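What follows is a short report on a single structure.
Quick caveat, the model's predicted, so the values are computed rather than measured. Naming: A, B, ... by sequence-line order, numbering from 1 per chain.
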There are 2 protein chains.
Amino acid sequence: MARWQPHAPERLAVAALELFEERGYENTTVIEIAERAGLTKSTFFRHFQDKREVLFGRGSMTDLLAKGIAGAPAGAAPLEAVACALDLVGQEAFTPERREFAARRRTVIAGHPELQEREALKGLALVASMTDALRRRGVPGLTACVATELGALAMKIAYEGWSGTTGGADFGTRARQALGDIRAATALC
Amino acid sequence: MARWQPHAPERLAVAALELFEERGYENTTVIEIAERAGLTKSTFFRHFQDKREVLFGRGSMTDLLAKGIAGAPAGAAPLEAVACALDLVGQEAFTPERREFAARRRTVIAGHPELQEREALKGLALVASMTDALRRRGVPGLTACVATELGALAMKIAYEGWSGTTGGADFGTRARQALGDIRAATALC
DNA sequence: CACGGTGATGAGACTTGGTCCCATCACCGT
DNA sequence: ACGGTGATGGGACCAAGTCTCATCACCGTG
């Protein structure tokens with residue numbers, strides 16, 4: 001019995017990702033995931049709210065983004081504060097050693113609406129967190145919304161590029177590049 | 001037995017909304033919804049993919065938005081094409097007689113993460129549909145993304161205002177107003 | 001009017017996600 | 001050696017969702 005080995009949540013996440021890749025999300029039961037990790041269904045649901053969450057539990061991106069915006073230089077414009085937040089995410093979360101895992105995870109999610117649904121909800125939480133953080137800097141409501149929305153788009157573009165290619169630029173520089181392109185594109189709308 | 005009465009999907013949707021308001025989403029079973037509509041669980045799942053979908057099945061907003069963008073004047077800028085699409089939505093979908101139902105539905109959704117998740121996914125589909133429609137007009141990819149994202153924000157703001165107040169401006173004018181404000185806000189980012 | 005085809009419905013078995021309660025086991029300090 | 005604490009295993013239980021088959025209403029035809 002593999003009881004009391006540490007890192008149960010991580011073992012469950014790895015087992016889940018492997019099984020989802022092997023037989024697909026919907027052909028994998030929670031019991032099978034738990035068994036591969038040497039645990040049981042009870043323990044799975046003790047660590048994760050539901051079956052989808054096993055791919056999303058890692059780190060609270062919302063806090064990271066809020067912290068990044070709060071820590072931006074005092075005179076920084078809204079979009080510059082967002083860029084600081086994306087830099088922080090690149091340093092703390094989307095690090096090179098997590099790239100491969102992120103890529104595999106992204107492929108699995110792309111193939112299952114149920115998982116895309118969860119990702120979309122997480123995205124809403126990120127947007128809300130960034131908007132709140134900007135408001136706390138004194139940015140007016142609508143301006144904060146717009147800056148956040150553009151920042152979220154930059155984050156999505158940078159994430160796809162970063163996770164989709166081996167080597168190349170790191171997440172932070174990709175995000176800054178995307179933000180610059182987006183800023184230029186707003187003039188053409 | 002209430003067999004063979006018409007409009008089964010609509011009866012199910014009304015019954016579901018009533019029950020969700022009375023006892024909450026998670027305290028309502030699919031069997032109870034079906035019974036109130038004079039039907040059974042089998043029939044419920046024949047009309048709706050799952051329990052959440054009973055609040056979202058109505059009309060395909062994606063087609064409406066795509067049609068609105070495709071039908072915009074030839075020389076219209078991306079954001080102007082988006083405004084045309086939002087006008088069309090205001091005329092065809094968010095009509096005054098559907099306002100009350102929309103408001104009740106919005107309140108229920110706001111109280112349950114499971115429903116917000118579905119709504120977030122529907123939102124992604126709307127964004128994808130609008131972006132594709134803009135690209136078919138020859139708008140470059142990134143510009144289309146930005147215009148769509150700003151349009152989605154305007155749609156959200158207009159929808160909240162329209163469904164949240166009795167009387168007042170209709171959806172289309174609210175959307176155009178929001179789009180103007182957003183355009184002004186982009187200059188402050 | 002009888003008949004058969006079609007399509008929507010009812011009924012119920014079945015799998016799985018998810019909750020809950022309780023017994024069990026390992027670790028740790030005394 | 002002993003007891004407390006916290007994570008785990010086990011199993012009952014409910015609801016979501018799938019599947020199959022029987023049933024019923026409607027409609028056209030002879």
- Roughly, in whole Å, what's the span from CD in E114(A) to C1' in dT18(D)? 14 Å
- Note on the structure: Whole-Å distance, R118(B) CZ to dA16(D) P, equals 14 Å
- Message: Side-chain N or O of T43(A) versus OP1/OP2 of dG9(D): is the shortest distance under 4.0 Å?
- Response: yes
- Message: What does the 5'-to-3' dot-bracket notation of DNA chain C look like when only Watson-Crick and G-U wobble pairs under 3.5 Å count, and pairs to other strands show as |?
- Response: ||||||||||||||||||||||||||||||
- Item | side chain to side chain donor-acceptor pair (under 3.5 Å) involving K156(B) - partner list, sequence neighbours excluded | none
- Query: Under the side chain to side chain donor-acceptor pair (under 3.5 Å) test, which residues partner R135(A), sequence neighbours left out?
  - Reply: none
- Message: Once you measure the plane-to-plane angle for F94(A) and W162(A), does it fall in the parallel (<30°), tilted (30-60°) or perpendicular (>60°) bin?
- Response: parallel
- Same cluster or not: are L124(B) and L55(A) linked, directly or through other Ile, Leu, Val, Met, Phe, Trp or Tyr residues, by side-chain heavy atoms under 4.5 angstrom apart? no
- Item | side chain to side chain donor-acceptor pair (under 3.5 Å) against R106(B), all qualifying residues, sequence neighbours excluded | S163(B)
- For residues 116-131 of chain A, the side chain to side chain donor-acceptor pair (under 3.5 Å) pairs (sequence neighbours left out) are D50(A)-R118(A), E53(A)-R118(A), E53(A)-K122(A), E117(A)-R118(B), R118(A)-E117(B), T131(A)-T148(A)
- Message: Using the ring pair (Phe, Tyr, Trp, His ring centres under 6.0 Å) criterion, which residues pair with Y25(A)? Sequence neighbours excluded.
- Response: F20(A), H112(A)
- Note on the structure: Whole-Å distance, E117(A) CD to dG17(C) P, equals 16 Å
- Query: dT18(D) P sits how many Å from I31(B) CD1, rounded?
  - Reply: 15 Å
- Query: For the pair made of CD in E10(A) and C1' in dA7(D), what is the distance, rounded to whole Å?
  - Reply: 18 Å
- Could you check how far CG of L39(B) sits from P of dT23(D), rounded to whole Å? 20 Å
- Nearest-Å distance, CG (L12(A)) to P (dA7(D))? 14 Å
- Close residues, residues 45-53 of chain B, relative to DNA chain C [heavy-atom separation under 4.0 Å]: R46(B), H47(B)
- Item | Residues which pass ring pair (Phe, Tyr, Trp, His ring centres under 6.0 Å) with F56(A), listed by chain and number, not counting sequence neighbours | none
Mind listing the side-chain donor-acceptor pairs of residues 65-87 of chain A below 3.5 Å, one per line with the distance, residues two or more places apart or on another chain?
residue	atom	partner	partner atom	Å
E80(A)	OE2	R176(A)	NH2	3.4
D87(A)	OD2	R176(A)	NE	2.9
D87(A)	OD2	R176(A)	NH2	2.9

Any N/O pairs under 3.5 Å between the protein and nucleotides 11-14 of chain D? List them or say none.
residue	atom	partner	partner atom	Å
dG11(D)	O6	S42(A)	OG	3.3

- Task: Measure from CZ on F44(A) to C1' on dT19(C) and round the result to the nearest Å.
- Result: 14 Å
- Item | By ring pair (Phe, Tyr, Trp, His ring centres under 6.0 Å) - contacts of F45(A) (at least two apart) | none
- Task: Quick one: which residue pairs count as a salt bridge (Lys or Arg N to Asp or Glu O under 4.0 Å) with a foot in residues 26-35 of chain B, not counting sequence neighbours?
- Result: R23(B)-E32(B)
